[in-house]
Amino acid sequence: MQTDLRGRDMITTQEWTRDEIETVLDVAWDLKRKRALGESHALLRDKVLGMLFFFTSTRTRTSFEAGMTQLGGHAMFIDSETTQISHGDTAKEIGEIVGRYTDGIAIRQCDWDFGNKYIREVAEASRVPVLNMQCDVYHPFQILADLMTIMERFGRDLRGKTMNVSWAYAASYQKPISVPQSLILLMTRFGMNVRLTHPPEYKLMPDIMQQAQDNARLSGGAFEVLDDFDAGFKGADIVYPKSWGALLTTTDNDESARIGKQYTDWITDERRMALAQDHAVYMHCLPADRNVEVTDGVIDGPQSIVYDEAENRLHAQKAVMALTMR
Ligand code: CP
């Protein structure tokens, strides 16, 4: 267990050691237990988290805000559109100024080829920890909650378990690639057999792919890439099919929509779930395009653990805040 995490940024799990991540999980389960028992755990009394959003959110916003209140502090919602950020406050100024008012700055900035750079610029100027609530490259808190949820189902030793991280069709919008990228980065560090399944136009960033490959080698796991939707499900213990944009192929929304239309049959349904292990679980970070990306029968069915996943956002985030913002 690591006890010296005060002041650390959480921009990607890749910058935290496996031991540090295990510490986050230990604390998360302790805080989850305390909440279940109604035990007070005001570890951040009088502390303030500034939450800066450039993009909409349901789970991230509500879980960070609830988490800070449960830890005895306050979460301040800052909307980029209704502040002077939209009139020119720079990343450096946000880091310097909001960092002097608060004890942590959390940011969601998902703009392609910009979000991660923005968050790192704020972190460079900030005297308090910066927490990435999702950028164009990473979604670390989602993936910490996912790992916690998987361990609750399968135990802490995940060696040999097969996880299928798959693209799925959605009509709503070009979703960021941060979830699949963060999944392949973290799950390959725990000795799992990680499959990434996608049509050819939906590649992830080459350096992230290389890091996932390296992680798998170091952990004794495996990392493979498939382009057959059904094959991804076969024999898997965990399936995580979700949509993402063809951002490495095109940043043009219309062209992306045209590409996506070729793959409308990439929907998770009961037939596909039956290809996985009988005990397999269905995961999705939400929101999902119901009956486009996944059938109601699957997402509301007995193999779905999407609500446990969403709940664990709260506990994992509280753990990171309690460890870094003390
Ligand atoms: N999964 C997730 O990050 O949800 P929100 O976009 O609602 O925050």
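From a predicted model like this one, the values you see are computed outputs, not experimental measurements. What you see below is based on every heavy atom in this structure, not just the backbone, and it leaves out hydrogens, waters and symmetry mates. Order of appearance sets the numbers: ligands from 1, and atoms from 1 within every ligand.
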Numbered atoms and elements of ligand 1 in range of [X], under 4.0 angstrom, heavy atoms:
| X | answer |
| --- | --- |
| Thr58 | 5 (P), 7 (O), 8 (O) |
| Arg313 | 1 (N), 2 (C), 3 (O) |
| Leu286 | 1 (N), 2 (C), 4 (O) |
| Cys285 | 1 (N) |

Worksheet item: Quick one: CG on Asp296 to CG on Asp269, what's the gap to the nearest 0.5 Å?
Response: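 One finds 12.5 Å between CG of Asp296 and CG of Asp269.
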Worksheet entry | Distance (rounded to the nearest 0.5 Å) between Thr3 OG1 and Leu323 CG |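 These two atoms lie 9.5 Å from each other.
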Discussion item. Do Asn132 and Thr12 make a side-chain contact, defined as non-hydrogen atoms from C-beta onward lying under 4.5 Å apart?
Written reply: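 Contact flag for Asn132/Thr12 side chains = no.
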Worksheet item: Are any non-hydrogen side-chain atoms of His279 and Phe154 less than 4.5 angstrom apart?
Response: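 Touching, per the 4.5 Å side-chain cut-off.
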Item to complete: Record the part of Arg108 in heavy-atom contact with ligand 1 below 4.0 Å; permitted values are side chain, backbone, both and neither.
Response: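 Under 4.0 Å from ligand 1, Arg108 contributes side-chain atoms alone.
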Worksheet item: Partners of Tyr101 by ring-ring contact (aromatic ring centres under 6.0 Å, His included), sequence neighbours excluded?
Response: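 With neighbours one apart ignored, the set is empty.
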Discussion item. So for ligand 1, is Arg59 a polar contact partner (N or O within less than 3.5 Å, distance only)?
Written reply: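 Yes; at least one N/O pair falls below 3.5 Å.
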Discussion item. For ligand 1, which is the ligand I care about here, please tell me if His139 has any N or O atom under 3.5 Å from one of the ligand's N or O atoms.
Written reply: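 His139 vs ligand 1: N/O contact under 3.5 Å present.
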Discussion item. Tell me whether ligand 1 is touched by Gln142 - counting only heavy atoms on the residue side and a distance under 4.0 Å.
Written reply: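 Yes; Gln142 lies near enough to ligand 1 that a heavy-atom distance drops under 4.0 Å.
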Item to complete: Hey, can you tell me if Phe55 and Tyr173 have their rings parallel, tilted or perpendicular (30° and 60° cut-offs)?
Response: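 Phe55 and Tyr173: tilted rings.
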